[in-house]
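Letters A, B, ... are given to chains in the order of the sequence lines, protein chains preceding strands, and every chain is numbered from 1. Owing to the predicted nature of the structure, the values given are computational and were not obtained by experimental measurement.
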2 protein chains.
Amino acid sequence: MNEKHGPNPAEGAATVSDKTREALRAAHLYYMQDLTMDAIAHELHTSRSSVSRLLSHARASGLVEISIHSPHDLPSRIEQEILTRFGIVAHVVPVPDHASDVDRLDRVALSAARILGRFVDSNQVIGVAWGSTMSAMSRHLVPKSTHNTEIVQLNGAGNGRTTGIVYASELLRRFGDAFGARVQQFPVPAFFDDPATRRAFWRERSTQRLLDLQAGMDVAIFGLGSPFAEVPSHVYQGGYLDPADYDGLSREGAVGDVATVFYRADGSTDGIALNERATGPDFAVLRRAPRRICVVSGRAKLASLRGALAAHLITDLIVDEGTARALVEH
Amino acid sequence: MNEKHGPNPAEGAATVSDKTREALRAAHLYYMQDLTMDAIAHELHTSRSSVSRLLSHARASGLVEISIHSPHDLPSRIEQEILTRFGIVAHVVPVPDHASDVDRLDRVALSAARILGRFVDSNQVIGVAWGSTMSAMSRHLVPKSTHNTEIVQLNGAGNGRTTGIVYASELLRRFGDAFGARVQQFPVPAFFDDPATRRAFWRERSTQRLLDLQAGMDVAIFGLGSPFAEVPSHVYQGGYLDPADYDGLSREGAVGDVATVFYRADGSTDGIALNERATGPDFAVLRRAPRRICVVSGRAKLASLRGALAAHLITDLIVDEGTARALVEH
DNA sequence: CCCTACCTTGCACGTTTGTGCACGCGGCTT
DNA sequence: AAGCCGCGTGCACAAACGTGCAAGGTAGGG
């Protein structure tokens, strides 16, 4: 309801850098020297609670980075298997089999958000799709300061009448904030009603500028849609598609989509009529990005995932354990 | 009450890798997904205490790595200053000014041990000196598995009648264990009584082999001795040097030593008689190592540090804050 | 086969850490 | 000037965590 903007340039500049400096020192003392927060509070002439908060801040703002290395002599069997079978790097997120789908998605998204920092760097163009997975991720991003990096929206988000999902602009803004990057919105609906409108729009110079950015992406980040799964992705709930569309997709054998562009189990897209109205990048464009990070959770998306792999859309996969296991089981 | 779930009824060799695997999973759940230990215990079908121990193991064995990045737009003033003034990379360890010398040394050593992992890698020869600083470090090393790496003792350690300091062999063994590296002992006293003995010994083929290794070091790690400080380094306490030696050092203007080799404030070593009997590598040899990591704590070693800098012995410095500050103050 | 020594586990307790709340200090508005 | 508002602080309590200890289980040797 309220805007929490407030860089506060007046006295904020000194304060914020001061706080960071203290947080840095607290982090050193806590993580490098194993002091208790009490001891740190004493050294910093403040209270223990403030130290607790300072350390929270240090973690949340990426001053402290916690990474997990599996020893080289003990590689994850599944990740190894995925690498040899599909030629992509997998990050398998451990989630118990009995977890609910929403739990699973949250936990995968949280892990993904924390891994993401490794892929993002200065002077990059980063494409971000839009969906429930990306939305969950956006809430947990660990900031990392970069220069001259741009966040580009990959597909339109249509109007805002969604089911509690944050709007695309909010999502993009979170990515931009986390990395100190400029954000390029793509103010179009998820699907045009008429292919002709799309084509016309695509000829606009402002659209062209954005498409050019997309074509030069260094990193793309996206989830997968799976239109015929028991729990359809949220793109299919917002009223973006009507029964006729579904019939069409079904007839054409579509098994999933990436940023509103649909594909079949073998990765092909030709002849899927709905794609003429979609707003996401053509796969040929998408594949020009050297790193293409896909975040998936839930066995319901297995068919989608297989299709996306067949289409070579993925170079790095972040996936829950159950789905990963199902993927490598023949 | 227990043993409700026996995953591996028959086992033995698998237990250690099993434990690591579990620790890895626990670490993922704890550090990437922010679950509580309780929740993890439930997912792993064990008790909370076991999870606590599992996570301790994960940290202690280097499965989990915690690093601290100061943001690029907020570099530590002191580290920056040292870089421009001396051309070396400094890691300043925050320690309150009122800390005792032993505290200071412990805390710097702890930090240094945790930073060390960044410098160690496979297929390297790593020279390690011997002293109270290195001893303290050795107790906190974070394991990192490497292949074909060797730890080489830089200077002799004499007999074992030391003041509660672990013997050199123990110290070296700890380094070797931490990195899965072979250890090359150097079974000689810290100082020979007679320069001729040293020269003779140096001609031995077994000694030559070790000297060759030293000459090909990739990394050297050492503390600094400061013979004339209020609290002399432990090399000067073990009865290695007698009053005549001290007189000689004093006359020659020695301000410190690296691995038993003494130098003056300007970094020169020529004409310091004691060096003829020392067992550490000549500075010309030492300087062939591309990375030379020096760990220092306490203002008492400031003169030593200045001399070592003048001699260009250091490429990476790990130092407590007070000493760092004193170093850059003119 | 049994015994012993060692290792692992879970429990119980004390310590350490996270967080809602009330207070106090500016700054900004009226 | 007064008052409101936002922010940071410390307190107090609850939650989470670490660890000594004793019970049980395993391996290895007699």
Review point. S49(B) has a side chain; which of dC17(D), dT19(D), dT9(C) sits nearest to it?
Key: dT19(D)
**Study point:** Nucleotide of dT9(C), dG18(D), dG18(C) approaching R59(B) most closely (side-chain heavy atoms)
**Key:** dG18(D)
Practice item. Report the nucleotide, chosen from dG10(C), dG18(D), dG10(D), that has the shortest atom-to-atom distance to any side-chain atom of R53(B). Key: dG10(C)
Study note, to complete from the structure: In whole angstroms, the gap separating P of dC17(D) from CE of M37(B) amounts to 5 Å
Review point. dT8(C) P sits how many Å from L54(B) CG, rounded?
Key: 12 Å
Study note, to complete from the structure: On a heavy-atom basis, the closest approach of R325(A) and I78(A) is CG-CD1, 4.2 Å
Study note, to complete from the structure: In whole angstroms, the gap separating P of dG10(D) from CG of L44(A) amounts to 11 Å
Exercise for review: Select base, sugar-phosphate, or nothing to describe what T36(B) touches, counting heavy atoms under 4.0 Å on all strands.
Suggested key: sugar-phosphate
Point to revise | Atom-to-atom span, CG of D38(B) to P of dG10(C) - whole angstrom | key: 13 Å
**Study point:** Short N-O contact, R25(B) and E321(A), less than 4.0 angstrom
**Key:** yes
Practice item. Just call it for S52(B): base, sugar-phosphate, or nothing, with non-hydrogen atoms closer than 4.0 Å on any strand. Key: base
Practice item. Under 4.0 Å between any heavy atoms, over every strand shown, what does T46(A) touch: base, sugar-phosphate, or nothing? Just pick one. Key: sugar-phosphate
Point to revise | Distance, rounded to the nearest Å, where H45(B) contributes NE2 and dT8(C) contributes C1' | key: 19 Å
Revision key, fill the gap. Of the listed dG10(D), dC13(C), dT17(C), the closest approach to the R48(B) side chain comes from dC13(C)
Check your understanding: For H42(B) and dA16(D), what is the distance between atoms NE2 and C1' respectively, to the nearest whole Å?
Key -> 17 Å
Check your understanding: Just by modelled atom types, is the T46(B) backbone N or O under 3.5 Å from a matching donor or acceptor in the S50(B) side chain?
Key -> no
Exercise for review: Flag yes if more than 12 heavy atoms outside H42(A) fall under 6.0 Å of its NE2 atom; otherwise flag no.
Suggested key: no
Study note, to complete from the structure: From NE2 of H57(B) across to C1' of dC7(C) the rounded distance in Å is 15 Å
Point to revise | E150(B)-Q184(B) side chain donor-acceptor pair, cut-off 3.5 Å | key: yes
Study note, to complete from the structure: note: L29(A), atom CG; dT17(C), atom P; distance rounded to Å ~ 13 Å
Review point. For dA16(D), does OP1 or OP2 lie under 4.0 Å from any side-chain N or O of Y30(B)?
Key: no
